[in-house]
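Notes for the one structure printed next.
Labels below follow one simple rule: chain letters A, B, ... track the order of the sequence lines, proteins then strands, and each chain is numbered from 1.
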Amino acid sequence: MSLRVYNTLTREKEAFQTIEPGKVSMYLCGPTVYKPAHIGHMVGPVIFDTVKRYLTYSGYDVTFIINITDVDDKLINKAAEKGTTVKALADEMTADYFDNLRLMGVDTIDKFPYATDHIGDMLEMIQKLIDNGHAYPLNGDVYFSVTTDDDYGKLSHRSVDQMLAGTRVEANDQKRNPADFALWKSSKAGEPAWESPWGPGRPGWHIECSAMSSKLLGDSIDIHGGGLDLMFPHHENELAQSECASGKCFVRYWMHNGLMQSGKNTGKVGGQHDKQGDTAAAADAAEAQIAGKLAGSAGAESVKTAVFAHCPPESVRFFLLSTHYRSPIDFSLENIANTAKGLDGFYRMFESFARITGGSAYDLAVPGSREQSTSLAGLPEGLAGELAGLRDRFLEAMDDDFNTGGAIGLLFELRRVINGYVTQNKLEEAATAEQKTALTTAMTLFRELAQVVGVFRKPIEKSSGADDEFVGGLMQLILELRADARKEKNWAAADKIRDQLKALNVTVEDVKDGPARWSRG
RNA sequence: GGUACCGUAGCCAAGUGGCCUAAGGCGACGGAUUGCAAAUCCGUUAUUUCCCCGGUUCGAAUCCGGGCGGUACCUCCA
């Protein structure tokens with residue numbers, strides 16, 4: 001079985017074949033950095049980070065780029081509103097975006113190009129489009145002429161006529177066709193401006209992605225990703241510009257992820273771009289609600305304060321990946337809490353592993369490629385068979401258009417197999433060297449597959465309270481007193497201590513021999 | 001109005017022509033274990049069924065048609 005990818009252009013799953021053997025170029029539309037990142041901004045990066053991980057694991061050499069759009073009308077307006085400069089605002093919001101990506105475990109991006117660093121490339125592309133008759137200047141602006149492109153509309157599968165049918169188009173426009181879109185906009189006084197053959201101005205939306213993609217990855221790339229909301233007009237326009245400029249196929253596989261929605265308050269919470277006026281307003285409203293619900297305060301707020309304060313980033317990542325990337329996903333605290341409960345079982349498995357082997361599951365040397373996958377030789381036959389079967393199913397799921405939901409289901413099954421091995425052989429009580437080796441091998445395979453989807457890579461920060469010397473000492477004392485009571489079969493006292501601690505959100509677990517375990521939260 | 005997507009158990013969710021007498025998680029119930037718990041393991045939890053109605057097919061959750069319900073997009077400039 002080999003990799004198949006759903007291509008928005010053809011609306012079909014296609015066998016994955018790269019332009020250059022063994023190499024993959026990926027471009028994902030990043031944010032316009034005019035406000036703090038919201039939870040919807042994290043969807044695309046997490047998904048495509050996972051796509052890159054799997055491609056890398058499968059042996060490809062992947063180059064992955066996410067752009068930062070740091071010049072745009074909204075940015076200009078917002079900066080003016082806040083009494084700051086466009087640059088200062090963009091820098092601040094970019095830093096916030098990066099912070100959130102890091103917390104989500106998104107760290108496979110090779111480069112974040114900034115639109116303002118590539119104005120020259122954009123001017124070049126615009127000039128080329130004018131030269132070959134696909135664009136025309138008009139009063140200091142430059143427009144792309146959609147009627148010169150026979151293919152226009154092939155991505156979103158609609159014709160220019162259809163698009164105009166439902167919209168109120170003001171006819172008193174000098175554009176050749178109402179559907180023509182701006183490549184370059186003349187600037188008004190006080191606005192950020194760059195010199196151009198058509199006078200001072202700034203790039204239109206869309207051109208930055210075309211220019212940077214072709215500059216950094218070449219005229220033809222393998223994968224272009226983004227939220228479903230970007231399919232039209234953004235990607236359609238990018239596609240038109242790029243192919244008209246280069247005369248080559250712009251993108252082999254267009255991949256669009258579903259958008260996040262917020263429970264009852266349905267509607268878009270956010271794709272990767274919130275560049276359109278009306279939808280941005282709707283997104284703001286939805287976002288304000290979420291932020292309000294989560295943080296107890298209204299208004300747009302960064303993910304790290306609005307969301308991560310309530311649910312660990314790993315649970316959010318796991319949640320995003322537990323459904324198919326093309327499906328919409330409902331964001332709610334309840335759903336995340338459900339996911340978090342599932343994760344707890346994995347963390348406990350790691351703790352059990354540490355008790356038995358004396359080592360951390362996180363420190364295992366994990367194979368980074370499918371070819372060098374963990375060897376199951378020497379394992380008990382039944383165990384090896386089960387693990388091998390689950391690995392095959394996991395890879396099959398990922399090969400089928402990155403079915404992370406199915407793959408994560410297999411992670412749960414893997415957990416059950418490992419826990420079963422531990423329980424059946426009573427490894428917590430005593431384990432032979434051979435059994436420890438077998439357990440370590442099984443855990444290595446688990447981590448190998450988990451890192452493919454980017455989870456369980458680092459120990460989570462657990463506020464167990466054990467790191468606090470005072471609390472630790474206190475707990476030790478309390479549990480010793482309880483152990484004494486249990487020795488005397490004074491169950492009333494022992495249960496009272498355990499119940500009262502439970503009321504304080506401290507869970508006590510008795511262990512057959514040795515001190516009881518406790519955890520907080 | 002146009003263009004798409006979606007509708008699987010109490011909830012989340014995979015599966016998109018036969019291996020489906022439909023993964024997995026959460027929850028619930030029963031058992032092992034425990035002084036009792038917790039954790040873990042085992043079992044049960046959609047049983048002419050995959051929103052409804054028709055059709056294609058030897059065979060459909062999966063394809064086609066029609067309903068019903070939900071969602072998104074139809075830019076910038078003005």
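Listed by residue number, A:N403, A:G405, A:G406, A:G409, A:F412, A:E413, A:R415, A:R416, A:N419 are the residues of residues 403-419 of chain A with a heavy-atom contact under 4.0 Å to RNA chain B.
The P atoms of B:C41 and B:C50 are separated by 33 Å, rounded to the nearest whole Å. B:G25 and B:G15 are spaced 16 Å apart, taking the C1' atom of each and rounding to whole Å. Taking atom C1' on both nucleotides, B:G2 is separated from B:U16 by 27 Å, rounded to a whole Å.
Considering only side-chain N and O atoms, A:T323 lies nowhere under 4.0 angstrom from the phosphate OP1 or OP2 of B:C12. Look at A:R517 and you won't find any side-chain N or O under 4.0 angstrom from OP1 or OP2 of B:A39.
Figure legend. B:U44 is base-paired to B:A28; pairs are counted as Watson-Crick or G-U wobble with both atom distances under 3.5 Å. With both pairing distances under 3.5 Å, B:U62 is matched to nothing as a Watson-Crick or G-U wobble pair.
Base engagement by A:V508 is indicated by at least one non-hydrogen atom pair under 4.0 Å involving a base atom. Across all strands shown, A:R393 has heavy atoms under 4.0 Å from sugar-phosphate atoms exclusively, and none from any base. If you check every strand for non-hydrogen atoms under 4.0 Å, A:D510 touches a base. Residue A:K185 is in sugar-phosphate contact alone, with no base atom involved, counting any heavy-atom pair closer than 4.0 Å across all strands shown. Within the nucleic acid shown, A:R482 comes within 4.0 Å of at least one base atom, counting heavy atoms only.
With A:Y6 as the aromatic partner, A:K13 does not meet the cation-pi criteria of under 6.0 angstrom to the ring centre and within 45 degrees of the ring axis.
Side chains of A:N67 and A:T69: a donor-acceptor N/O pair is present below 3.5 angstrom, by distance only.
Between A:I76 atom CD1 and B:C77 atom P there is a gap of 11 Å when expressed in whole angstrom units. As rounded to whole Å, 11 Å separates atom C1' of B:C77 from atom CZ of A:R202.
Taking a cutoff of 4.0 Å between a charged side-chain nitrogen and a carboxylate oxygen, A:K185 and A:D73 qualify as a salt bridge.
Nearest-nucleotide positions on RNA chain B place A:T339 closer to the 5' end than the other of A:T339 and A:G420.
Ring-plane geometry between A:H206 and A:F181 is classed as perpendicular, the angle between the planes exceeding 60 degrees on a 0 to 90 degree scale with a lower cut at 30. Using cut-offs of 30° and 60° on the angle between ring planes, the pair A:H224 and A:W254 is tilted. Ring planes of A:F456 and A:F346: tilted class, angle from 30 to 60°.
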